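The structure appears right after this line, and notes come after that.
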2 protein chains.
Amino acid sequence: MAQAISPPTFKPLYQQIKMLITQSLISGEWGPGEAIPSEIELAQRFHVSQGTVRKAISELAQENLLVRHQGKGTFVASHSEERRKYHFLRLLPDGGGKIGSEGELISCERGKADADTAKLLEVGRGSNLFIVTRVMRFGERPVMYEEIRLPAALFKGLAAERIDEFHCRMYSMFESAYGIQILQVAEQIKAVAAHGEPARLLGVPEGAPLLSIHRVSYTYGDKPVEVRKTLCNTRDHSYVNKIV
Amino acid sequence: MAQAISPPTFKPLYQQIKMLITQSLISGEWGPGEAIPSEIELAQRFHVSQGTVRKAISELAQENLLVRHQGKGTFVASHSEERRKYHFLRLLPDGGGKIGSEGELISCERGKADADTAKLLEVGRGSNLFIVTRVMRFGERPVMYEEIRLPAALFKGLAAERIDEFHCRMYSMFESAYGIQILQVAEQIKAVAAHGEPARLLGVPEGAPLLSIHRVSYTYGDKPVEVRKTLCNTRDHSYVNKIV
DNA sequence: GAGTGGTCTAGACCACTCA
DNA sequence: GAGTGGTCTAGACCACTCA
């Protein structure tokens, strides 16, 4: 580990360390919320300097795989942390104020992947899926209608009861019940006209404008694990985004 | 500079260096696209080690104020760089493919700030504004209708000709003609029903769903300098967003 | 070959946490 | 007071650019 090979395969040491730490995260050597070994211990384990470990950890912290706390240690990121709980929810009430969402499970069914979904989830066409449908309320009003598609192979034995229990904190449930960490989501947003069942559940007339969000969620190694289609009534809420 | 004051006002050295470099950027000591002094020179100027300067520069590069090029030097970010040109445009064609937008100036008028705009731009209510209206086309079709409000105090002598010449590369024009660097934008997105002039210009029927984007743009020191309201026809385009 | 930023080390000292 | 991550230094060597 002390030397890196040169010409075509030059990879900085700290990136190799980054990959080794990531491997340990994937293998579950340290679970969500747990502390990883100190920088000094890791430096000894990998036979590099503390500075090199630090650089690797800093990048992993920036990518939200790890969380550093001065004086305490470095911890595996978890969706049960407060700062992470609504991290992927960008729909906020216009008045400002807190979110405090609750929801209602509509259904949890088995299904097959159509061509589009199969491609997005990188599974075979016709693969088994769970399809979860729910409505989220902020305050009194229903605001979001969601259809969530999950590969059955990764979510073995997913039951409506489990969904119902956890469905407001779905990514926490993915983490604790299936060991799946959502790290990144990619969204495509459009304005569409309301119709049918979703319109009825959201309490808006046919043809009313709704925000449509198509999301693909990724875990370690950019592996897709969820496809989610959301329809939002943006009368009193907005999707907020900051571009830097 | 060698020592930092302790108890209540502890600020790391590299953050003080960061602020000094930012001051030089604001004052225009180095213009957009120009090289700043090398790390070694800056270390000598500020009487700190190269590592401390490096840490300051790294953060500024991450915030897109600077761009580093190994072997060449560190440069002031500019909107004429290829990587920055469409940085704040998140509406992309669904098929993939290139953007290549062109547009058409509808009007460039003087106006007064209403209460909302004044608050967002942090200017007095009733302050002078320029209000630019335009339609952007991607390919043949009109896709976005935009109303852009700019404080007249910052954009002295803004003329319709200048807008027309540059209006597809507005932030490049802000930079070169007015020395204003857009560094960050905050957006609020809703689905709304089309009506009136914008509907006509976008060629959609009354009531058709459109994506509404309210943007506030910020320059150095989080100073707001632009309010922009956009209506998008998302039939063949989507607003894309990646959350990490 | 000279100059730039990028990596890596070893070591000092600091701020913070917890017992 | 012991242990953690955070800052800062000085110095070596590397990859890359350009003339």
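Model, not experiment: these values are computed from the prediction. Chain letters run A, B, ... following the sequence lines, proteins first, then strands; residues in each count from 1. Heavy-atom basis, side chains included; hydrogens, waters and symmetry copies ignored.
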Is [X] salt-bridged to [Y], going by a charged N under 4.0 Å from an acidic O?
X	Y	answer
Arg137(A)	Glu104(A)	yes
Glu29(B)	Arg45(B)	yes
Arg90(A)	Glu187(B)	no
Glu63(A)	Lys18(A)	yes
Glu146(A)	Arg215(A)	no

Dot-bracket, DNA chain D: Watson-Crick or G-U, under 3.5 angstrom, [ ] crossing, | other strand?
-> ||||||||||||||||||.

Counterpart residues, side-chain contact (heavy atoms from CB on, under 4.5 Å), relative to His214(A) (two or more places apart) | Gln188(A), Ser212(A), Lys229(A)

Just how far, in rounded Å, is [atom2] of [N] from [atom1] of [X]?
X	N	atom1	atom2	answer
Lys11(A)	dC8(C)	NZ	P	12 Å
His47(A)	dT9(C)	NE2	P	12 Å
Leu60(B)	dG5(C)	CG	C1'	15 Å

Compare the minimum distances between each of [options] and the side chain of [X], then state the nucleotide with the smallest one.
X	options	value
Arg68(B)	dC8(D), dG6(C), dT9(C)	dG6(C)
Ser49(B)	dT7(D), dA10(D), dG6(C)	dA10(D)
Glu39(A)	dC8(D), dG5(D), dC8(C)	dG5(D)
Glu41(B)	dG5(C), dT4(C), dT7(D)	dT4(C)

Please list, by residue number, the residues of residues 30-37 of chain B whose heavy atoms come closer than 4.0 Å to an atom of DNA chain C; answer none if no residue qualifies.
->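 Those residues whose heavy atoms fall under 4.0 Å from DNA chain C, taken from residues 30-37 of chain B, amount to none.
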
Under 4.0 Å from any atom of DNA chain C, heavy atoms only: list the residues of residues 70-84 of chain A that qualify, in numerical order.
-> Gln70(A), Gly71(A), Lys72(A)

Using the six-membered ring wherever Trp is involved, compare the ring planes of Tyr171(B) and Phe88(B) and label them parallel, tilted or perpendicular (cut-offs 30° and 60°).
->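 Plane angle over 60°, so perpendicular.
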
Single hit among Val227(A), Val225(A), Leu158(A) for side chain to side chain contact (heavy atoms under 4.5 Å, CB included) with Leu150(A) = Leu158(A)

Considering residues at least two apart in sequence or located in another chain, which fulfil the ring pair (Phe, Tyr, Trp, His ring centres under 6.0 Å) criterion with Phe155(A)?
-> Phe174(A), Tyr178(A)

List for me each residue that meets side-chain hydrogen bond (donor to acceptor under 3.5 Å, both in side chains) alongside His87(B), sequence neighbours excluded, and say none if there are none.
->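 Applying side-chain hydrogen bond (donor to acceptor under 3.5 Å, both in side chains) to His87(B) gives Arg84(B).
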
Classify the side-chain pair Gln184(A)/Ser217(A) by whether it contains a donor and acceptor separated by less than 3.5 Å.
->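 No, no side-chain donor-acceptor pair sits under 3.5 Å.
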
Taking the nucleotide of DNA chain D with the closest heavy atom to each, which residue, Ser38(A) or Tyr14(B), is nearer the 5' end?
-> Ser38(A)

